[in-house]
Q: 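Got a structure for you, questions after.
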Amino acid sequence: CSVVRTYCGHGIGSLFHTAPNVPHYHKNKAKGVMRPGHVFTVEPMINLGTPGDTTWGDNWTAVTTDGKRSAQFEHTVLVTKTGCEILTMRENEPIMCWDPELVQR
């Protein structure tokens with residue numbers, strides 16, 4: 001698997017897409033410290049193959065350059081004094097848990 005580097009999470013403030021950029025890959029050049037009250041998104045695009053991507057002519061649809069499958073999700077996170085709160089979490093949704101029973105066979 002690989003993570004696309006073209007897209008990243010971002011801060012949310014008076015503008016929807018704002019600083020900071022939040023890369024989803026190791027050894028990135030992001031700087032800064034999140035503090036209580038900051039809100040940001042986590043929205044990786046994870047590919048089965050290489051991290052290459054391209055955008056179709058509609059300027060919206062992103063696809064892999066190698067034609068392999070990809071998945072993308074997004075959560076919005078609020079930094080609190082004691083950690084964080086996932087603002088977009090659905091009721092009864094597990095937090096970062098792997099459940100082999102949910103894997104399609």
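All residue numbers in this chain count up from 1 along the given sequence. Excluded from the calculations below are hydrogen atoms, water molecules and symmetry mates; all remaining heavy atoms, backbone and side chain alike, are included.
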Q: Nearest 0.5 Å, what's the NE2-CZ distance between H75 and R90?
A: 7.0 Å
Q: If you look at every heavy atom in V3 and P51, which pair is closest and at what distance?
A: O-CB, 3.4 Å
Q: How far apart are the closest heavy atoms of T41 and E74, and which atoms are they?
A: CG2-OE2, 3.5 Å
Q: Go through W56 and V63 one step at a time and tell me if the side chain to side chain contact (heavy atoms under 4.5 Å, CB included) criterion holds.
A: CA-CA 8 Å; W56 286 357; V63 296; 3.4 Å; yes
Q: Can you tell me how far CG of L87 sits from CZ of F40, rounded to the nearest 0.5 angstrom?
A: 10.0 Å
Q: Given the rule in the side chain to side chain contact (heavy atoms under 4.5 Å, CB included) test, do V79 and V39 qualify, once you have shown the distances and angles that lead to the verdict?
A: CA-CA 6 Å; V79 180; V39 179; over 6 Å; no
Q: Taking all heavy atoms of K68 and all of G49, pick out the closest pair and write down the distance.
A: CD-CA, 3.7 Å
Q: Measure from the side-chain N and O atoms of T88 to the backbone N and O of T76, and report whether any donor-acceptor pair falls under 3.5 Å.
A: yes
Q: Would you find a donor on one side and an acceptor on the other, under 3.5 Å apart, between the side chain of D66 and the backbone of T50?
A: yes
Q: With distance as the sole criterion, is a donor-acceptor pair present between the side chains of T64 and N47 under 3.5 Å?
A: no
Q: What's the separation between atom OG in S70 and atom CG in L48, rounded to the nearest 0.5 Å?
A: 8.0 Å
Q: Nearest heavy-atom pair of T18 and G13: which atoms, and what distance?
A: CG2-N, 3.6 Å
Q: Show the nearest heavy-atom pair for residues P23 and N21, with the distance to one decimal.
A: CD-O, 3.4 Å
Q: Look up atom CD1 in I12 and atom CG in L15, then write down how far apart they are to the nearest 0.5 Å.
A: 11.0 Å
Q: Rounded to the nearest 0.5 Å, what separates atom CD1 in I46 from atom OG in S2?
A: 9.0 Å
Q: To the nearest 0.5 Å, how far apart are SG in C8 and NE2 in H17?
A: 9.0 Å
Q: Would Y7 end up clustered with V22 when hydrophobic side chains under 4.5 Å apart are linked, directly or stepwise?
A: no
Q: Can you tell me if E43 and H24 form a side-chain donor-acceptor pair at under 3.5 Å?
A: no
Q: Got P20 and M34 here, is their nearest side-chain heavy-atom distance under 4.5 Å?
A: yes
